Structures are given as structure tokens and as C-alpha cells.
Amino acid sequence: MNGIPLYQEINDLHRLTGSHLRTRNPLFHCFNMAEANELEQTTTQPHRTSFYTLALNFGTKNLSYSLNETTFDQPDNFILCVAPGQIAQWEKQGDWFGFCTFFKSEFLDFSEQVNFLHQYPFFNINETNLISVGAADFEPLKLLFQLIIEEQASEEKFSREVIKSHFQAILWKVRRIYEIHSGDNPRDRAGAVITAQFQYLVNEHFLTKTTIEEYADLLNISANHLSQTISNNLGRTAKTVISKRRVKEARYLLAYTTQPISAIAFHLGFSEPTHFTKFFKKLTEVTPQTYRANNS
């Protein structure tokens with residue numbers, strides 16, 4: 001039970017937006033957003049993808065972009081980072097200006113998703129990352145995107161390796177901007193690794209695993225060690241992280257679908273709808289019915 005469309009393939013998202021753009025590479029596609037300005041439709045419905053989005057926007061006017069539960073109206077120059085599973089929706093009246101890349105972590109040869117998220121934390125599903133870009137960072141990023149598009153069109157020998165090299169340079173530059181923007185410079189790298197792994201596992205298993213002990217077992221550490229590490233790195237308890245991920249999903253389903261509240265409760269692993277109502281109200285201070293009425 002979901003109710004929120006999930007697009008598994010890059011070309012499926014191109015079709016959703018009404019774009020003529022297509023990619024022959026199922027793992028990667030980079031394009032100039034001006035190529036998508038012929039779209040007949042100016043809005044998309046809330047949706048998810050199974051791949052990542054990284055976009056560099058500059059000068060787009062009359063744009064409203066929603067990611068998870070945050071809406072950005074007419075943002076200026078920015079980098080947009082969307083992780084698989086996040087809920088996106090946009091509405092625009094003017095033209096796009098900038099570059100966009102859809103990609104899967106396999107393109108960068110990551111066999112473990114959690115390792116990718118540790119290296120590039122700005123794709124954490126629990127964060128809404130729309131990062132302002134200053135003039136000093138803008139031109140180098142723009143050049144790298146242009147080089148990727150040129151190489152993508154050439155399809156010459158070793159093009160994949162050249163594209164991957166340019167794109168990894170973009171990702172590292174974005175991480176540098178992200179750390180300056182967020183003040184993220186963890187002193188405890190071992191703790192940061194555990195925290196990244198825990199957040200990834202919670203997003204993967206929150207429907208079926210709801211205790212600290214279950215996640216500690218997956219990480220092969222003690223529950224006390226996990227609790228202390230999460231508290232030190234995030235400033236909140238591991239139990240809170242699990243509960244907030246469950247209630248976040250509940251908010252998505254209440255706002256973006258018409259599924260009965262009882263069905264949402266069972267989907268989230270509650271044995272009774274009344275237990276879900278009590279849980280939801282404790283974390284949000286309103287009932288599911290009230291939240292839906294105010295946000296659907």
C-alpha cells in the first residue's frame with residue numbers, strides 16, 4: 001500500500017513530465033534543463049523515484065518546488081539534491097535554466113547504498129537539501145555539467161569513465177558546499193559512519209523494525225552503543241529517529257493519498273488503528289483525521 005507513484009526508471013520520469021528527453025543509459029542521464037522548456041504541463045503530482053536527482057538551477061523564474069513537506073517558492077541559484085523515496089512536486093510558469101542529472105548509485109560502482117550515503121550525506125532522505133550556490137562555486141560546477149553533456153553526446157571510447165570522473169568531481173564540490181552550508185564537520189568519524197548506516201537502515205526497515213535492539217543487531221553493535229552514538233551525533237535518541245521516520249511516512253500518506261486511516265495504520269505496522277492514532281497524536285499533537293483535513 002502506497003498511493004504515491006514511484007518511478008523506477010529515468011525515462012519513466014521524463015514521460016511523467018511530458019518531456020521529449022530520453023536516455024539510453026538506464027543508470028545515468030545529464031541534460032540542460034532548457035531542453036525541457038517545451039513541456040505542455042506546468043505541474044507534477046507528488047511522486048517518488050528509485051534514483052537520485054542532482055540539479056544546478058540558476059535564474060528560473062516563477063518556480064515552486066516541494067520536497068517532502070517543505071515548499072520553496074521562486075528559489076534563486078541553488079543545488080537540488082533528491083534521494084530515492086523522497087516526495088517531490090513542482091509547479092512552474094516560466095522557463096528552466098540550469099542542469100539536471102538523474103542517476104543510480106550503481107553508476108558510480110557503489111555496491112552498498114549505505115556507503116554512498118556516508119560519502120555524500122546531502123542525499124539523506126530525512127533532509128531537504130536545496131543549497132544556495134555562490135558565484136565562486138557556480139562557474140566551476142556549470143563547466144563540469146557542460147563537459148558531461150558533451151561527453152555523453154560523443155559516446156566515444158571511455159566516455160563512461162570520463163563522465164563518471166566529472167560527475168564525482170561535482171559530487172565532491174557539492175559536499176564541500178554542503179558542509180559549509182550546514183556546518184557539518186563531524187569530529188567523530190567512526191560515530192558518523194554508524195549514524196549514516198543507522199539512518200539508512202531505518203529508512204529501509206521502519207515498516208517492520210521499530211526497536212533499537214533490531215537495528216543494533218543489523219549493525220553488529222550493542223543497543224547501548226548505538227543509542228549513545230546517535231545521541232552524540234544527532235542530538236536526539238535512536239528511538240526518536242525511528243518514531244519520526246514512521247510518523248513522517250504517515251504524514252505523507254495522509255496528505256498525498258486517500259487511503260483510509262485504518263489502512264495506513266496497518267501499513268505502518270500497527271495492530272490497531274487506535275494505537276496508530278495515539279502514536280501520531282503524541283508526536284504531532286493532532287489526530288490523523290485532523291492532520292489530513294488540514295493538509296490534504
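Model, not experiment: these values are computed from the prediction.
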Are [X] and [Y] close enough that some pair of their side-chain heavy atoms sits under 4.5 Å apart?
{"X": "Gln146", "Y": "Ile149", "result": "no"}
{"X": "Arg15", "Y": "Arg22", "result": "yes"}
{"X": "Leu56", "Y": "Ile170", "result": "no"}
{"X": "Leu254", "Y": "Asn295", "result": "no"}
{"X": "Gln86", "Y": "Thr53", "result": "no"}
{"X": "Arg24", "Y": "Asn11", "result": "no"}
{"X": "His14", "Y": "Leu21", "result": "yes"}
{"X": "Leu54", "Y": "Leu171", "result": "yes"}

Between atom [atom1] of [X] and atom [atom2] of [Y], what is the distance when rounded to the nearest 0.5 Å?
{"X": "His29", "Y": "Ile10", "atom1": "NE2", "atom2": "CD1", "answer": "8.0 Å"}
{"X": "Asp12", "Y": "His47", "atom1": "CG", "atom2": "NE2", "answer": "11.5 Å"}
{"X": "Glu156", "Y": "Glu150", "atom1": "CD", "atom2": "CD", "answer": "11.0 Å"}
{"X": "Ile4", "Y": "Glu249", "atom1": "CD1", "atom2": "CD", "answer": "6.5 Å"}
{"X": "Lys248", "Y": "Leu283", "atom1": "NZ", "atom2": "CG", "answer": "12.0 Å"}

Cationic N near anionic O, under 4.0 Å, Glu9 to Lys104: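 Salt bridge between Glu9 and Lys104, a charged N being under 4.0 Å from a carboxylate O: yes.
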
Cluster check Phe279, Phe266: I/L/V/M/F/W/Y, side chain < 4.5 angstrom: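 Per the 4.5 Å side-chain linkage, Phe279 and Phe266 are not co-clustered.
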
Shared hydrophobic cluster for Phe103 and Val162 (ILVMFWY, side-chain gaps under 4.5 Å):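 No; Val162 is not reachable from Phe103 via cluster members.
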
Residues, nucleotides or ligands: over 12 heavy atoms within 6.0 Å of Lys239 NZ: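 For Lys239, atom NZ is crowded (more than 12 foreign heavy atoms under 6.0 Å).
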
Main-chain N/O of Cys30 paired with Gln152 side-chain donor or acceptor, under 3.5 Å: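 Yes, the answer is positive, given that a donor and an acceptor are paired below the 3.5 Å cut-off.
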
Side-chain donor-acceptor pair present, Asn232, Gln228, cut-off under 3.5 Å: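 Judged by distance alone, the side chains do pair up.
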
Criterion side-chain contact (heavy atoms from CB on, under 4.5 Å) on Arg245 and Leu207, from CA distance to verdict: CA-CA 9 Å; Arg245 182 63 187 94; Leu207 291 175; over 6 Å; no

Non-hydrogen atoms of Thr101 and Phe28 that approach each other most closely: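 Looking at all heavy atoms of both residues, the closest pair is CG2-CE1, 3.4 Å.
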
Option passing ring pair (Phe, Tyr, Trp, His ring centres under 6.0 Å) with Phe102 (candidates Tyr52, Phe107, Phe31):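 Among Tyr52, Phe107, Phe31, the one that satisfies the ring pair (Phe, Tyr, Trp, His ring centres under 6.0 Å) with Phe102 is Phe31.
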
Under 3.5 Å, side-chain donor or acceptor atoms of residues 212-219 against the rest of the protein: list the pairs with distances, not counting sequence neighbours.
{"unit_1": "Glu214", "atom_1": "OE1", "unit_2": "Thr210", "atom_2": "N", "d": "2.9"}
{"unit_1": "Glu214", "atom_1": "OE1", "unit_2": "Thr211", "atom_2": "N", "d": "3.1"}
{"unit_1": "Glu214", "atom_1": "OE1", "unit_2": "Thr211", "atom_2": "OG1", "d": "3.0"}
{"unit_1": "Tyr215", "atom_1": "OH", "unit_2": "His205", "atom_2": "O", "d": "3.4"}
{"unit_1": "Tyr215", "atom_1": "OH", "unit_2": "Lys209", "atom_2": "O", "d": "2.8"}

Lys/Arg cation over aromatic Phe270: Arg246, 6.0 Å, 45° cone: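 Yes, cation above the ring, under 6.0 Å and within 45°.
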
Worked verdict on Leu16 versus Tyr7 for side-chain contact (heavy atoms from CB on, under 4.5 Å): CA-CA 9 Å; Leu16 166 71; Tyr7 295 92; 3.3 Å; yes

Criterion side-chain contact (heavy atoms from CB on, under 4.5 Å) on Leu141 and Phe99, from CA distance to verdict: CA-CA 10 Å; Leu141 285 170; Phe99 302 94; over 6 Å; no

Tyr120 and Trp172: CA distance, side-chain angles, deciding distance, side-chain contact (heavy atoms from CB on, under 4.5 Å) verdict: CA-CA 8 Å; Tyr120 306 119; Trp172 284 115; 3.6 Å; yes

